[in-house]
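Report on the following structure.
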Amino acid sequence: MNEQMDLRDSKSRLILIVVALGAALVIAVASCSGGGGDDDGAAGNGGTSQTPAPSGDGDGEQDDAPGDDEPGDGGSGEVLAESTGEDSITLTFTRAQREAGGFLTVEGTIQNNGSETWFDVAWAGAERELRDNAFSMAGASLVAPEEGKRYLILRDTSGRCLCTGFGPGIGQGETVEWFAQFPEPDPETTEVQFQIGNMPPATIEIR
């Protein structure tokens, strides 16, 4: 996990990755209506996803350089959305913010409410380039329904995702923080659907 976290420490490196790879990580999707049934297998597993009503305070603007914050440190602690599924796993979203350099940072927590350590290498996604990330947020994507686009996780030139890795797994009852970074959606886009593994998609507001 520390190795993944180190990727956030260089603003210039992040900007270079966005410029070099960003366009290739945005793909058109035939249907962005939300719900399950797409190639990510989101939903369809009896899980639930909910988005709390916005509190109305603050616009979430921040001028900090990328990498200045640990996961969760840059957010207000307000819950933007939650998704529950996959062996009693709860995925909580606390921050979705545009950053200088043309990318979007999403942060939150994962809580393992199951009866044993949870490990799912499928969260690395189906891309061959990302397989070495193992159990991580590498397979996450954002769908922008208004744009008809899917945004894939940012990665460096060796395929290491700009995201949190979970090592040997998340222990029973454990809650861990995570982050994931994507190419920035269009300026007019205010909401995106976060998808990973077989978790139900969660609609989150970009602050």
Side-chain angles (χ1 to χ4, degrees), residues 8 14-44 47-54 56 58-63 66 74-75 78-83 85 91-108 123-130 133 136-156 159 161-164 178-207:
R8 306 188 67 205
L14 287 178
I15 293 175
L16 177 62
I17 292 169
V18 172
V19 172
L21 301 178
L25 301 180
V26 182
I27 57 178
V29 291
S31 173
C32 299
S33 59
D38 62 14
D39 55 358
D40 287 289
T48 61
S49 176
Q50 58 184 358
T51 304
D59 60 7
E61 290 186 2
Q62 181 173 314
D63 295 328
E78 176 187 356
V79 175
L80 304 179
E82 285 187 346
S83 178
L91 188 61
T92 300
F93 302 83
T94 57
R95 180 176 180 242
Q97 187 167 331
R98 299 176 190 272
E99 306 272 15
F103 58 96
L104 180 76
T105 299
V106 182
E107 295 179 353
W123 272 38
E127 292 184 73
R128 180 177 302 176
E129 181 183 22
L130 296 173
N133 290 284
S136 68
M137 301 299 286
S141 65
L142 300 178
V143 173
E146 305 97 332
E147 304 173 31
K149 296 176 183 176
R150 183 186 302 277
Y151 293 86
L152 306 180
I153 199 83
L154 288 173
R155 73 289 306 265
D156 66 15
C161 74
L162 274 68
C163 69
T164 299
W178 61 269
F179 80 95
Q181 294 179 315
F182 304 87
E184 181 182 11
D186 291 348
E188 298 79 13
T189 298
T190 58
E191 289 186 341
V192 289
Q193 296 171 355
F194 186 101
Q195 300 181 350
I196 188 167
N198 290 316
M199 296 292 288
T203 299
I204 54 177
E205 180 182 0
I206 300 174
R207 299 294 178 89

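Nothing fancy with the numbering, it's 1 onward along the sequence.
- Side-chain N/O atoms of E78 and T94 include no donor and acceptor closer than 3.5 Å.
- For the atom pair S83 OG and Q193 CD, the distance stands at 11.5 Å (nearest 0.5 Å).
- Between E147 and D186 the shortest heavy-atom distance is OE2-N, 3.0 Å.
- Shortest non-hydrogen contact noted between V106 and F93 is CG1-CD2, 3.9 Å.
- Side-chain polar atoms of Q181 and T105 form a donor-acceptor pair below 3.5 angstrom.
- The structure places CD1 of I153 at 5.5 Å from SG of C161, a figure rounded to the nearest 0.5 Å.
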Check the pair Q97 / E107 against side-chain contact (heavy atoms from CB on, under 4.5 Å), numbers first and verdict last.
CA-CA 9 Å; Q97 187 167 331; E107 295 179 353; over 6 Å; no
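- With T164 contributing its side chain and F179 its backbone, the two residues share a donor-acceptor pair below 3.5 Å.
- Heavy-atom minimum distance, E82 versus V79: CG-CG1, 3.9 Å.
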side-chain contact (heavy atoms from CB on, under 4.5 Å) between R155 and L130, worked out
CA-CA 8 Å; R155 73 289 306 265; L130 296 173; 3.5 Å; yes
The test is side-chain contact (heavy atoms from CB on, under 4.5 Å); show your working for E188 and E146 and say whether it passes.
CA-CA 9 Å; E188 298 79 13; E146 305 97 332; over 6 Å; no
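- Closest of all the heavy-atom pairs between I204 and A81 is CG2-CB, 3.7 Å.
- With hydrogens and angles ignored, the 3.5 Å screen pairs a side-chain donor or acceptor of N133 with a backbone N or O of G159.
- Nearest heavy-atom pair, T189 versus R98, reported as atom, atom and distance to 0.1 Å: O-NH2, 2.6 Å.
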One pair to check against side-chain contact (heavy atoms from CB on, under 4.5 Å): V143 and V192. What are the steps and the verdict?
CA-CA 6 Å; V143 173; V192 289; over 6 Å; no
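- Separating the CG atom in L91 from the CE atom in M199 is a distance of 5.0 Å, to the nearest 0.5 Å.
- A140 pairs by the side-chain contact (heavy atoms from CB on, under 4.5 Å) definition with F182, F194, I196, not counting sequence neighbours.
- Note that OG1 of T203 and CD of E191 are 6.0 Å apart. Values are rounded to the nearest 0.5 Å.
- Counting heavy atoms from C-beta on, the side chains of P183 and Y151 come closer than 4.5 Å.
- Heavy-atom minimum distance, M137 versus W178: CE-CE3, 3.6 Å.
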